[in-house]
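Data block below; observations after.
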Amino acid sequence: MELPTQTCASAPFDHAKADVILRSADGVEFRVFMLFLSLASPFFETLFGLPQAPDGASDQEMKDGLAVIAVSEDSKTLDTFLRFCYPSTLAEDPSLDNLTEILSVLAAAKKYSLDLIERKVCQALANHKVLEIDPLRSFAIARNARLKHETITAARYNLRQPLIPALFAEIDLITASDFLALLTYHKKCIISAQDLMKNLKWMTDHYVNTNGCSWLFNNGSHYNGHYCNCGQGTDGRFFPWGSAPLAWWTTYMQEVYELLQDSPCGDTVRTAADRTIQKVRGNTNCGACPGRVKEGMTEFSNLLALKIEEAVAPVCTLLYNTDKF
């Protein structure tokens, strides 16, 4: 098998006074200081502390008077975790915002007992920007690494996605039992959200009576001298206090009820509210609702989103205390 061409790494891993060379799987040589690596990793501290054989009595590869240690990581992974080992004045901590990189660096951190890097990777997996884009991949990586908190966090973000996900590369990192546990968690959260939508007591308790949300009813109220011309809803499931609300609000509740059967989270509620606000504000047939819908629906959707999060939280707690996660 042809060996990879050997090249030298970029600064700061090309220092002339380095005292050991780490060679990556793709042939890049990192000239590093044993002290920095020993302070960061018990693995390297033990490795560098082993007795050295006399000159000529060992098959240790040498180059420019330095021992060459071949590692299984590629140069990109090696560069990333070495930067974490070095003082910040010599090498800034790299950003971990790519899940593929996170997976390889996490494996290296565990292999070399680099606890600090493992904590950094955990922080990256909990980064909301990463979770919003790839919650399922984040779940698989966290579960594979047995990171309990990060696994649960990713599972909660995954509630924003459909119940049955598309195929993804990292699915091989988890077992069928792990995946089933995630789907079961998702389904239980759907049931909790639906139960909340079937009983509007949380709403009537908050607003007390129809006067607390007068924007919701066509009861002769007006806005800046204009009266509401919107029709009333007919879906009795969504009649707070037994009174028929405005038709567009009933439509919103019907839409949310359906959406929560796939994505049981607060974001689902707020996103649907934004669409309703835009639709009502564009209604030229009503003189009242376009002017007051944003304030009323923003407050209401925030309340509903909060109640959804509260309803699914016990499900998350239940899973947190099981061996599955």
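Because the structure is predicted, anything quoted here is derived from the model rather than measured. What you see below is based on every heavy atom in this structure, not just the backbone, and it leaves out hydrogens, waters and symmetry mates.
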Residue pair Val312, Cys265: steps toward the side chain to side chain contact (heavy atoms under 4.5 Å, CB included) verdict = CA-CA 8 Å; Val312 303; Cys265 66; over 6 Å; no
Can any side-chain N or O of Trp215 pair as donor or acceptor with the backbone N or O of Gly212 at less than 3.5 Å?
->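 Checked: no pair found.
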Hey, are Ser104 and Thr77 close enough side-chain-wise for a donor-acceptor pair under 3.5 Å?
-> yes
Distance-only donor-acceptor check, side chains Thr175 and Asp178, under 3.5 Å = yes
Return the orientation label for the Tyr252 and Phe300 ring planes: parallel under 30°, perpendicular over 60°, tilted otherwise.
-> perpendicular
Between Tyr112 and Phe44, what is the ring plane arrangement, given parallel below 30°, perpendicular above 60°, and tilted in between?
-> parallel
Carefully, step by step, assess Phe13 and Tyr86 under the rule ring-ring contact (aromatic ring centres under 6.0 Å, His included).
-> CA-CA 10 Å; Phe13 309 120; Tyr86 265 50; 5.1 Å; yes
Can the ring centroids of Phe36 and Phe33 be said to lie less than 6.0 angstrom from one another?
->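 Yes, they do, as the ring centres are separated by less than 6.0 Å.
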is_close_aromatic(Tyr207, Trp241), centroid dist under 6.0 Å =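 No, too far apart.
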In plain terms, say whether [X] and [Y] are close enough for a salt bridge, that is, a side-chain N and a carboxylate O under 4.0 Å apart.
X      : Y      : result
Asp79  : Arg83  : yes
Arg237 : Asp235 : yes
Arg292 : Glu295 : no

Side chain to side chain contact (heavy atoms under 4.5 Å, CB included) assessment of Glu45 paired with Met34 | CA-CA 8 Å; Glu45 182 181 21; Met34 286 191 253; over 6 Å; no
